[in-house]
Amino acid sequence: MFLVLKIVEAMLSPLAIYVELTLFALLLRLFGKRILAYTVFTLSFIALLFVSYDIGQDLLATPLEKEYAVCDPRDYPNIKTIVVLGGGKFPESDKPTSAKLSKMTLVRLVEGIRIFNMIDAQRLIVTGKDYTDESSIAELMKRCAMELGVDGEKIITVDNARNTREEAKYTAEIVKGDTVFLVTSAVHLKRAVKNFGDEGVFVIPVPTDFQVHTRNKQSVAYYTPGPQRIANSGKSIHEYLGLLAELLNFKK
């Protein structure tokens, strides 16, 4: 089921949907369904164009990012454990450790370290395993955190978790009922909080890696499409699929 869900995710990214609908439109045209073919192609192009603008990206991300407000960790002086969820990495290379982590993972980790230093935390738990191979995202995050000054003795890796539900499950075995700061991307936080709650872990949500920002409508960039917005829209779609999987009780 895990592999099936990954395949479905890949097929439902914005670019993949556009390609699939374009191929479908070509097939319709071959069978003489000219008007329907043009309609399908036009609608798919408009949808792709829409999510390539700030307005489309924000429309998808806002309901997810509004779920939890930014918090001040100093308001919770008794919480001394921070959990940072991994979000991908690049293949091993001779590049610096920070360059081997995906942007998503790096932003989450930096936020976790910021809070760690702010509250003089006792534990920093980092999670994640690359589902495509046996390598550990968590171990790479630990190395990066140590290079940024965090005491390695205070870092715990959860390097056997392929997805958010497994991250929650294996982290629960470590924290054993403690309340923790949970750091992840703002669009991902709703699903993450649910997964950790299902495992009996009490969390203070800490959103980061935001997609929705105050836009400068006088900027030329506001009125031009961009590939990063398509990618961000894909992240939001990924989260809606994840929430649907949770609703259907799939192990995503």
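What you are looking at is a predicted structure, and each value in this text was computed from that prediction instead of being measured. Side-chain atoms are counted along with the backbone in the values below, which use heavy atoms only and exclude waters and symmetry mates.
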SB check [X] [Y] (cutoff 4.0 Å):
X: Glu239; Y: Arg191; value: yes
X: Asp209; Y: Lys103; value: yes
X: Arg123; Y: Asp178; value: yes
X: Arg165; Y: Glu246; value: yes

Reported [atom1]-to-[atom2] distance for the pair [X] and [Y], which is rounded to 0.5 angstrom:
X: Thr97; Y: Glu139; atom1: OG1; atom2: CD; result: 10.5 Å
X: Gln57; Y: Phe50; atom1: CD; atom2: CZ; result: 11.0 Å
X: Leu140; Y: Asp130; atom1: CG; atom2: CG; result: 10.5 Å
X: Lys154; Y: Ile125; atom1: NZ; atom2: CD1; result: 14.0 Å
X: Phe181; Y: Met118; atom1: CZ; atom2: CE; result: 9.5 Å
X: Leu124; Y: Lys142; atom1: CG; atom2: NZ; result: 10.5 Å

Would you check if there is a donor-acceptor pair between the side chains of Gln228 and Asn232 at a distance under 3.5 Å? yes

Within the 3.5 Å criterion, strictly below it, is a donor on Asn195 or Glu166 matched to an acceptor on the partner's side chain?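 Per modelled atom types, Asn195 and Glu166 side chains form no pair under 3.5 Å.
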
Inspect the surroundings of [atom1] in [X] and state if more than 12 heavy atoms from other residues, nucleotides or ligands are less than 6.0 Å away.
X: Phe24; atom1: CZ; value: no
X: Leu30; atom1: CG; value: yes
X: Ile55; atom1: CD1; value: no

Identify whether [X] and [Y] are in the same connected component of the hydrophobic contact network (ILVMFWY, side-chain heavy atoms under 4.5 Å).
X: Leu60; Y: Leu49; value: yes
X: Leu101; Y: Val183; value: yes
X: Val175; Y: Val126; value: no
X: Val40; Y: Leu48; value: yes
X: Ile156; Y: Ile115; value: no

Do the ring planes of Phe210 and His213 sit parallel (below 30°), tilted (30 to 60°) or perpendicular (above 60°)?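 Phe210 vs His213 ring planes: perpendicular.
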
In terms of ring plane angle, is the pair Tyr18 and Phe41 parallel, tilted or perpendicular, where the classes change at 30° and 60°?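 Plane angle between 30° and 60°, so tilted.
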
Is the backbone N or O of [Y] less than 3.5 Å from a side-chain atom of [X], with the two atoms forming a donor-acceptor pair by type?
X: Lys80; Y: Ile119; value: yes
X: Thr157; Y: Asp159; value: no
X: Lys176; Y: Glu173; value: yes
X: Ser52; Y: Ile230; value: no
X: Ser102; Y: Gly87; value: yes

Could you go step by step and tell me if Ser98 and Leu148 meet the side chain to side chain contact (heavy atoms under 4.5 Å, CB included) rule? CA-CA 10 Å; Ser98 59; Leu148 291 173; over 6 Å; no

Looking at Ala99 and Lys95, what are the two nearest heavy atoms and their distance? CB-CB, 4.1 Å

Kindly indicate, with the supporting measurements, whether the criterion side-chain hydrogen bond (donor to acceptor under 3.5 Å, both in side chains) is fulfilled by Thr42 and Thr39. CA-CA 5 Å; Thr42 301; Thr39 301; over 6 Å; no

For Ser185 and Arg108, what are the C-alpha separation, side-chain angles and deciding distance, and is it a side chain to side chain contact (heavy atoms under 4.5 Å, CB included)? CA-CA 7 Å; Ser185 301; Arg108 295 176 184 179; 2.9 Å; yes

Non-hydrogen side-chain atoms of Tyr240 and Pro63 separated by less than 4.5 Å: yes

Using side chain to side chain contact (heavy atoms under 4.5 Å, CB included), reason through Glu65 and Val212 one step at a time and then give a plain yes or no. CA-CA 8 Å; Glu65 293 198 350; Val212 180; 3.4 Å; yes

Can Leu182 and Ile204 be said to form a side chain to side chain contact (heavy atoms under 4.5 Å, CB included), step by step? CA-CA 6 Å; Leu182 180 63; Ile204 301 300; over 6 Å; no

Chi angles and distances behind the salt bridge (charged side-chain N to carboxylate O under 4.0 Å, His left out) call for Arg114, Glu111: CA-CA 5 Å; Arg114 184 184 75 87; Glu111 177 64 9; 2.9 Å; yes

